[in-house]
Each structure stands twice: as C-alpha cells, then as structure tokens.
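One structure is given below, encoded as structure tokens.
Quick note on labels: first sequence line is chain A, next is B, and so on, each numbered from 1.
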Amino acid sequence: MTSNEKILFVVNLIPEGNVFTYGKVADLAGLPGRSRMVSKALKQAPRSMLIPWHRVINSQGKISIPKDTKGYREQIELLRIEGIEINNGRIKLADYEWRPDIATLVMDIPF
DNA sequence: ATCGTGACTGGGA
DNA sequence: CTCCCAGCCACGA
C-alpha cells in the first residue's frame, strides 16, 4: 500500500460530523511529520473516490483551503450539512476532533 | 545537487 | 486573536 493510499484510507475512517487535522491523519497513516503529504493527497484525489476530504482541517481548527475559492466555500457547506458549527472558517476542534467510538476504528487500521 | 512550492505546524511577537 | 517565520517533507523543474 502506497503512502497516498494509506492517507486516503485513514481519511475514509473519519465519521460524519467529525474532523481530523492533517497531522492526525498523517500520524494514523504511519507517516508522522508529513502533514503536507495529506493535503496534497486530498487535493489530487479524484472526486469519483468520494473521499470525505472536507473533514480534514488544520491544527488551528481552520479551513486550510485559501479563501475566495470554490473549494473553501464547498468545504464549509459540507461541514455545516453534517452539523459542524463553523464561524469565519474556524471550527472548535475540541468539539469535533474525537469521539470514543473513533478509537475503535483506529484499532482496525491494517498498518 | 539546488531551488521553489504547498489545503502544514509550533512557537514567538 | 492575528501575523510572521523557521522547520519540515515530498516533488518537480
């Protein structure tokens, strides 16, 4: 499994209504210190793969996609649809980054 | 090998 | 809280 595949695999585990940071995804994918690889992988992932890319935000709890772009607006819309409160591109990480049941999902990562 | 470029991050001003 | 920046890593020119 390539690094890129591991990253997308992990992002696919993020439950609806929750968010992970780029760093968190990188760690769970066994690629510590490579958060930038996560952003690149998501940017390149074909829409047809239906990856929940919008559930990945930066460590500051903010949308990393540059403002005034189609992607920025789309990410906010998708997150709101899932019930995630977001103000001025900012999300309260503590409220959505982790839930008890996510720990179980993490245990099943095959790498 | 060197340089520039990010949907990054932690720390300092 | 916001801005800036050095450090970081993979990649392509």
A:M1, CE atom: more than 12 neighbouring heavy atoms under 6.0 Å = yes
Looking at A:L8 and A:A41, what are the two nearest heavy atoms and their distance?
-> CD2-O, 4.3 Å
Looking at DNA chain C, which of residues 22-40 of chain A put a heavy atom within less than 4.0 Å of it?
-> A:G33, A:R34, A:R36, A:M37, A:K40
For DNA chain B, what residues of residues 72-84 of chain A have any heavy atom nearer than 4.0 Å?
-> none
Taking only residues two or more places apart in sequence, or in another chain, which ones meet A:E74 in a salt bridge (Lys or Arg N to Asp or Glu O under 4.0 Å)?
-> A:R47
Does A:E85 reach the side chain of A:D95, with side-chain heavy atoms less than 4.5 Å apart?
-> no
Side chain to side chain donor-acceptor pair (under 3.5 Å) partners of A:E82, counting only residues at least two apart | A:H54, A:R55
Output all residues satisfying side chain to side chain contact (heavy atoms under 4.5 Å, CB included) with A:S3, sequence neighbours left out; order by chain, then residue number.
-> A:L31, A:M37
Contact interval (first through last nucleotide) of DNA chain C with protein chain A, 4.0 Å heavy-atom | C:dT2 to C:dC11
Those residues at least two apart in sequence (or on a different chain) that pass side chain to side chain donor-acceptor pair (under 3.5 Å) with A:S39 are none
Going from CG on A:L42 to CG on A:N4, what distance comes out if it is rounded to the nearest 0.5 angstrom?
-> 9.0 Å
Under the criterion side chain to side chain contact (heavy atoms under 4.5 Å, CB included), which of A:L13, A:V38, A:L93, A:L28 is the partner of A:F20?
-> A:L28
Contacts to DNA chain B from residues 86-93 of chain A, heavy-atom cutoff under 4.0 Å, which residues?
-> none
Minimum heavy-atom separation for A:G17 to A:Y96, with atom names?
-> O-CD2, 3.6 Å
Using the test side chain to side chain donor-acceptor pair (under 3.5 Å), find all partners of A:N88 that sit at least two apart in sequence or belong to another chain.
-> A:R90
Measure the spacing between CD of A:E97 and CD1 of A:I57 and express it to the nearest 0.5 Å.
-> 8.5 Å
Qualifying side-chain hydrogen bond (donor to acceptor under 3.5 Å, both in side chains) pairs with a residue from residues 11-29 of chain A, counting only residues at least two apart or across chains = A:N18-A:R99
Got a sec, which residues hit side chain to side chain donor-acceptor pair (under 3.5 Å) with A:N58, two or more places apart in sequence or on another chain?
-> A:S64
Quick one: which protein N/O atoms are closer than 3.5 Å to N/O atoms of nucleotides 10-13 of chain B? Pair and distance per line, please.
{"from": "B:dG10", "atom 1": "OP2", "to": "A:S59", "atom 2": "OG", "distance (Å)": "3.2"}

To the nearest 0.5 Å, what is the distance between CD1 (A:I86) and NZ (A:K92)?
-> 12.5 Å
